[in-house]
Amino acid sequence: MLVVVCPQPDGTVVVQDVDRAQPGLPVVATETVEVEALPALVRAREAAASPTGTAPDAGLRWVWADTAATYPALLDADVRVDRCWDLRLCRTILRGSALTARTPYASAPRSAWDEARTAAAPEGLFDLTPPVALDPLRELRDQQRALTAAVGEDGRPESSRLWLLLAAESAGALVAAEMTFAGVPWDVVEHDRLLSELLGPRPAPGFRPALLEAKAAQVSAALGVGEINPDSPVELLRSMRLAGLPATSTRSWELQQIDHPAIAPLLEYKKMSRLMTANGWHWLDTWVAGGRFRPVYVPGGVVTGRWASDGGGALQLPHQVRSAVRADPGWVLVVADAAQLEPRILAAMSGDEAMATAGQAADMYEGMVATGAVATRQQAKFGMLGAMYGGTQGESGRMLPRITRAFPQALALVEAAARAGEQGEIVSTWLGRSSPLPSAEWRSAHSAAGAEGGSAAEQEAVRAQARSWGRFTRNFVVQGTAAEWALCWMALLRLRLRALSETVTGGPHLAFFLHDEIMVHTPADLADQVVEMVQETAHEAGRILFEGSPVEFRLTTAVVTAYSDAK
DNA sequence: CACGGCTGCCAC
DNA sequence: AAACGTGGCAGCCGTG
């Protein structure tokens with residue numbers, strides 16, 4: 001059963017039951033409640049639904065415009081849901097997918113549904129009412145029609161993969177809201193200790209902590225051209241040149257090449273300053289409360305389908321501060337990392353037999369060495385990164401011919417994606433998320449160059465642009481499909497964990513996600529069971545996406561008290 | 001003085 | 001000073 005949630009301008013919510021088994025998605029029951037009564041209604045409906053099955057259509061599926069606007073208030077009322085259909089996220093996929101490109105849904109002009117979501121809901125129980133009236137039921141039916149009409153390049157129906165993508169994307173939205181709700185367990189005392197040790201005690205506002213101040217003075221003294229502010233690139237570069245250093249920028253990797261007594265303290269200063277500004281006391285005050293770090297995740301925020309984050313820098317949590325991520329007393333963190341995810345994804349997508357064989361090994365790069373294609377793990381790694389990113393220089397470029405000979409099908413797949421991009425065509429992930437078209441400027445420059453005219457320099461600039469977009473599309477298919485695997489993994493794991501507790505935070509729950517890595521916060525006595533679930537769901541995600549593929553999606557797992565002990 | 005672009009560094 | 005993909009974020013700095 002699909003249950004459509006339609007907020008009304010008068011502060012009520014119309015809840016419609018839609019029978020998804022019947023054509024046209026007829027409404028079979030309607031109920032109207034005050035918005036304050038919605039959590040109770042959802043709780044009751046979830047409790048009454050048949051026990052969670054593993055079939056994608058089992059039980060209830062809540063249909064709403066936007067999980068991020070609706071679900072947090074339900075969670076605050078201690079209400080969880082099993083499944084949803086996030087109309088906004090699904091719309092983005094369906095409007096852009098090559099599989100639905102020939103449907104009226106994809107070619108319809110932009111509407112209020114396409115406008116960016118309004119910022120996070122203000123204080124108060126609910127802010128469901130969108131700025132412009134949206135009709136979720138109608139949108140659902142339009143999406144369902146487009147999905148049914150999806151066809152592959154060969155013209156044959158191709159809706160099942162797309163359906164899986166929509167379900168996984170929506171499940172991801174639930175996971176994101178639940179993770180923000182639960183938060184990452186954060187030890188403020190440990191964080192402050194770490195900051196004090198590295199930077200000096202917390203200073204008064206507007207002042208540098210003592211050790212950072214001392215380091216700045218050390219840099220000035222070593223340069224010997226007066227007191228400088230190392231945070232100012234302009235001032236720093238000028239001073240370095242004045243002191244006779246051959247620097248052309250203030251980047252660490254370039255400074256490392258220079259032999260001068262000011263360099264060591266300067267690099268240390270940069271490291272300390274970065275810690276201070278990115279994850280210092282101000283960050284702690286802003287993002288950590290009640291022993292929890294609560295970042296805002298943005299599912300589907302990256303074109304490839306990866307998540308983005310909005311505030312808190314969740315997806316760039318430096319290793320330097322991970323000792324402050326600490327399980328509650330009596331609880332532990334189960335940290336699992338998909339090993340060589342993208343190479344495995346490429347092996348499975350392309351059906352390359354030799355690469356798939358390598359992809360059965362616990363360490364895929366070692367597996368590639370074992371096939372005899374390359375001599376060392378390092379060569380395998382650089383070669384694969386070059387293949388997936390479009391590298392041509394250095395170790396990556398040198399390894400490419402060998403990799404191509406050993407794994408021809410895999411390389412053919414990424415090469416085809418690159419060629420398509422260079423010609424301004426779109427490419428798609430395994431489940432059917434498609435890349436955007438290049439910008440109008442890109443396309444007009446491309447066609448103008450093709451029509452000749454233009455200087456040699458102009459033509460070369462256009463070719464460089466084309467190659468650049470080719471590297472994007474080359475990477476898109478792999479990165480995007482890896483994101484799909486990760487979504488399926490999390491969605492499956494979430495439902496398994498759910499069975500272990502009554503509420504989100506009452507038992508094992510997902511606490512953090514980073515592209516190919518997840519963290520579960522769990523009571524210590526359930527850790528072994530959680531590890532098993534994490535492993536099983538990784539395997540299952542591989543099966544759902546790549547039925548019959550011999551590639552194994554291996555994990556490294558760790559059960560730890562502090563995140564810093566995970567690897 | 002506000003704001004947007006740039007620089008540099010963090011994550012995968 | 002880039003090369004070889006996707007991002008976020010803080011602080012600097014030039015501009016209107």
Side-chain angles (χ1 to χ4, degrees), chain A residues 206 208 228-238 246-258 266-267 269-280 282-283 286-287 295-322 325 337-343 345-346 381-400 414 417-418 421 427 429 433 435-436 464 467-483 485-486 512-518 563 567:
Chain A
R208 285 195 185 112
I228 65 154
N229 171 18
D231 290 323
S232 162
V234 170
E235 198 179 326
L236 179 57
L237 190 58
R238 184 158 31 92
T248 59
S249 83
T250 62
R251 291 172 196 166
S252 291
W253 69 264
E254 191 195 324
L255 297 179
Q256 275 164 14
Q257 327 279 321
I258 300 174
L266 179 53
L267 292 174
Y269 178 90
K270 280 171 160 286
K271 194 89 186 154
M272 294 163 75
S273 175
R274 166 79 193 183
L275 173 64
M276 164 88 178
T277 55
N279 296 96
H282 180 68
W283 179 89
T286 310
W287 293 103
V296 177
Y297 301 94
V298 186
V302 178
V303 276
T304 57
R306 274 187 176 182
W307 288 10
S309 72
D310 181 14
L315 305 184
Q316 358 161 189
L317 197 64
H319 288 95
Q320 220 178 1
V321 301
R322 293 188 180 184
V325 180
D337 188 319
Q340 305 90 38
L341 178 58
E342 294 191 352
I345 289 289
L346 177 56
K381 182 174 177 174
F382 277 80
M384 282 311 297
L385 291 178
M388 293 183 301
Y389 290 162
T392 55
Q393 306 284 309
E395 183 80 337
S396 288
R398 279 195 294 280
M399 285 304 118
L400 214 50
V414 286
V427 296
T429 60
R433 190 190 306 262
S435 64
R467 284 195 298 273
S468 171
W469 195 258
R471 286 191 298 274
F472 163 62
T473 51
R474 170 194 294 267
N475 187 249
F476 182 95
V477 294
V478 180
Q479 184 184 117
T481 304
W485 178 87
F512 193 55
F513 168 60
L514 205 54
H515 307 311
D516 61 359
E517 176 179 344
I518 53 107
Y563 190 16
K567 40 182 169 181

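As the structure is a computational prediction, the values presented were derived from the model and not from experiment.
- At least one side-chain nitrogen or oxygen of K270(A) sits closer than 4.0 Å to the OP1 or OP2 atom of dC9(B).
- A search for salt bridge (Lys or Arg N to Asp or Glu O under 4.0 Å) contacts involving D516(A) returns nothing, not counting sequence neighbours.
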Would you give a per-nucleotide map of nucleotides 1-8 of chain C, 5' to 3', where B means the base has a protein non-hydrogen atom under 4.0 Å away, S means only the sugar-phosphate does, and - means neither? BBSBBBBB
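- Nucleotide dC6(B) forms a Watson-Crick or G-U wobble pair with dG11(C), both donor-acceptor distances falling under 3.5 Å.
- Between K270(A) and P230(A) the shortest side-chain heavy-atom distance does not fall below 4.5 Å.
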Tabulated below should be each protein N or O lying under 3.5 Å from an N or O of nucleotides 14-16 of chain C; please produce it.
none

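- Between E235(A) and I228(A) the shortest heavy-atom distance is OE2-CA, 3.3 Å.
- Contact annotation: S232(A) side-chain N/O to dC13(C) OP1/OP2 distance is under 4.0 Å.
- Across all strands, R467(A) comes closer than 4.0 Å to no nucleic acid atom at all (heavy-atom distances).
- Side-chain nitrogen and oxygen atoms of S252(A) include none within less than 4.0 Å of the OP1 or OP2 phosphate oxygen of dG8(B).
- Of all non-hydrogen atoms in P436(A) and V303(A), the two that sit nearest each other are CG-CG1, 4.1 Å.
- In this entry the distance linking CG of L514(A) with P of dC10(B) reads 15 Å, nearest Å.
- The side chain of T250(A) contributes no N or O atom lying less than 4.0 Å from OP1 or OP2 of dT7(B).
- Straight-line distance from the CD atom of Q256(A) to the P atom of dC9(B): 9 Å, rounded to whole Å.
- Evaluation of the salt bridge (Lys or Arg N to Asp or Glu O under 4.0 Å) test over residues 246-258 of chain A, restricted to residues two or more places apart or in two chains, returns none.
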Enumerate the protein-to-nucleotides 1-4 of chain B contacts in which both atoms are nitrogen or oxygen and the separation is below 3.5 Å.
none

Distance-only check: which donor-acceptor pairs under 3.5 Å involve side-chain atoms of residues 305-322 of chain A, not counting sequence neighbours?
residue : atom : partner : partner atom : Å
H319(A) : NE2  : R322(A) : NH1          : 3.4
R322(A) : NE   : L317(A) : O            : 3.1
R322(A) : NH1  : Y563(A) : OH           : 3.2
R322(A) : NH2  : L317(A) : O            : 2.8

